[in-house]
There are 2 protein chains.
Amino acid sequence: MSQPTTMAPSPFVRLFGRYLREHGFPVTQQREAVAEIVFSSAAHLSVEDIERSLHGAGARIGKATVYRTLDLLVKSKLVEEHDFDEGFKRYEHRLSRRPEHEHLICLECATVIEFKSHEVQIIKERISDDHQFRPVRHRLEIYGLCVTCLEAGVELPQDGLTCPIETV
Amino acid sequence: MSQPTTMAPSPFVRLFGRYLREHGFPVTQQREAVAEIVFSSAAHLSVEDIERSLHGAGARIGKATVYRTLDLLVKSKLVEEHDFDEGFKRYEHRLSRRPEHEHLICLECATVIEFKSHEVQIIKERISDDHQFRPVRHRLEIYGLCVTCLEAGVELPQDGLTCPIETV
DNA sequence: GTCCATGCAAACCTTTTGCACTATA
DNA sequence: TATAGTGCAAAAGGTTTGCATGGAC
């Protein structure tokens, strides 16, 4: 990349640079460019989103480098990887926000609403205790229709058996 | 398939047959064979697991038919599809058990422990109300280490930044 | 100057699809 | 017998990898 995306890396990008140096990895312009995109958005970005932003900003970065940099960002714990059953992953940074939150996902338009629930943390602790399990992370996702799609009259197909549940 | 897996289909397989007939789909030996495997296991089966069982039982079924049949089973609501971030899907039938339950997943050995939490249902309702969201389904998964792996001394790599969370 | 990252393309892996053939109803 | 399913192989789509080149330190 001959033209850096920004002249001065933002504070979050510098944090990533610190992670790289701490681990003996070179700080490259490509890594800073990908980090800049991810940290400057509050959205849940797909690799395609990230590539589009990069190319829009004039950067020329291979897809493999984007994937490799996202791996590093996830390993650094500065970025979280999500899978909302769309067939690809999404990435969300963990800075300037509550580190732990859950998601409401619209099945129609893929809009993501974040919410926080202290009770989930409590459930996680209690259930893990009950099973002598050591929890590392969790995911609570609620799939359905957002208010916009509901107001637009969207309905989801209802299929299944006439009497779906026959618990024996 | 010249040799049916079982002489008489089990009750659950007959339920699937009913679904097929109700929708005008032919009831084939392949569909019954796949359903038989899925309904006779309480586990969370991968497509590979299912194929192995089929071939072990002497059935010769193409991979495509397994996928197509699983689609039908999911559409019938008799079977649930899961994605535990392993790079492939798993399938679990919903009969003879509480229809709604959550999962503890071991990051080391992929063992799945099921648990039920009424509170999650309540959280789902309340949060959805708050956001005028219409919930259709949810997923609560807790990832970590199961008791067996803990006792075997398994440790997960700790990476990340020295001071990982610097919320601004 | 050394070592590692990058870019490109090929490989990978799960899942889907096209098509000739076969089984269901 | 008409219609839909099956099996095989090829395609698809996201992600990973190999390798020669180029950049970081």
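Convention: sequence-line order gives letters A, B, ...; per-chain numbering from 1.
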Nearest of [options] to any side-chain atom of [X]?
X	options	result
Tyr67(B)	dG5(D), dT15(C), dA5(C)	dT15(C)
Arg31(A)	dG18(C), dT15(C), dA5(C)	dA5(C)
Val27(A)	dT6(D), dA24(D), dC25(D)	dC25(D)
Arg60(A)	dC8(C), dG5(D), dT15(C)	dC8(C)
Ala64(B)	dA25(C), dT17(C), dA24(D)	dT17(C)

Taking atom [atom2] of [N] as reference, at what distance in whole Å does atom [atom1] of [X] sit?
X	N	atom1	atom2	value
Leu70(A)	dT15(D)	CG	P	10 Å
Leu20(B)	dT24(C)	CG	P	13 Å
Arg90(A)	dG14(D)	CZ	P	12 Å
Glu32(A)	dG23(D)	CD	C1'	13 Å
Lys89(B)	dT16(C)	NZ	C1'	12 Å
Asp71(B)	dG5(D)	CG	C1'	14 Å
His23(A)	dC4(C)	NE2	C1'	16 Å
Gln30(A)	dT6(C)	CD	P	5 Å

Exercise for the section: Check whether any side-chain N or O of Gln29(B) sits under 4.0 Å from OP1 or OP2 of dT6(D), and answer yes or no. Expected result: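 No, no such contact exists.
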Practice task
Verify the contact: side-chain N or O of Thr28(A) to OP1 or OP2 of dT6(C), cut-off strictly under 4.0 Å; return yes or no.
Solution key: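 For Thr28(A), the contact criterion (side-chain N or O under 4.0 Å from OP1 or OP2 of dT6(C)) is met.
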Using a strict cut-off of less than 4.0 Å between a Lys/Arg side-chain nitrogen and an Asp/Glu carboxylate oxygen, indicate whether [X] and [Y] qualify as a salt bridge.
X	Y	result
Asp129(A)	Arg126(A)	no
Arg68(B)	Asp71(B)	no
Lys63(A)	Glu51(A)	yes
Arg90(B)	Asp83(B)	no

Handout entry: Residue whose nearest DNA chain D nucleotide is more 5′ - Arg68(B) or Gly24(B)
Key =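 Its nucleotide being nearer the 5' end, the pick is Gly24(B).
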Problem - Helical bend (five base pairs per end, nearest 10°) for the helix from dG1(C)-dC25(D) to dA25(C)-dT1(D) - result: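 End axes: 30° apart.
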Practice task
Under 4.0 Å between any heavy atoms, over every strand shown, what does Lys63(A) touch: base, sugar-phosphate, or nothing? Just pick one.
Solution key: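 Here Lys63(A) touches the bases of the nucleic acid.
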Practice task
Determine the minimum heavy-atom distance between Leu73(B) and Ser76(B), stating which atoms define it.
Solution key: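 Scanning both residues, the minimum pair turns out to be O-OG, 2.7 Å.
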Practice task
Could you tell me which non-hydrogen atom of Glu80(B) sits nearest to which non-hydrogen atom of Arg94(B), and how far apart they are?
Solution key: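 Heavy atoms of Glu80(B) and Arg94(B) come nearest at OE1-NH1, 3.4 Å.
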Exercise for the section: Could you pull out all residues at least two apart from Arg31(B) that satisfy salt bridge (Lys or Arg N to Asp or Glu O under 4.0 Å)? Expected result: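 With sequence neighbours excluded, Arg31(B) shows a salt bridge (Lys or Arg N to Asp or Glu O under 4.0 Å) to no residue whatsoever.
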Handout entry: Reported NZ-to-OH distance for the pair Lys75(A) and Tyr19(A), which is rounded to 0.5 angstrom
Key =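 Rounded to the nearest 0.5 Å, the NZ-OH separation comes to 6.5 Å.
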Exercise for the section: Using heavy atoms to find the nearest nucleotide of DNA chain C for Tyr91(B) and Arg21(B) separately, return the residue whose nucleotide is more 5′. Expected result: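 Closest to the 5' end, via its nearest nucleotide, is Tyr91(B).
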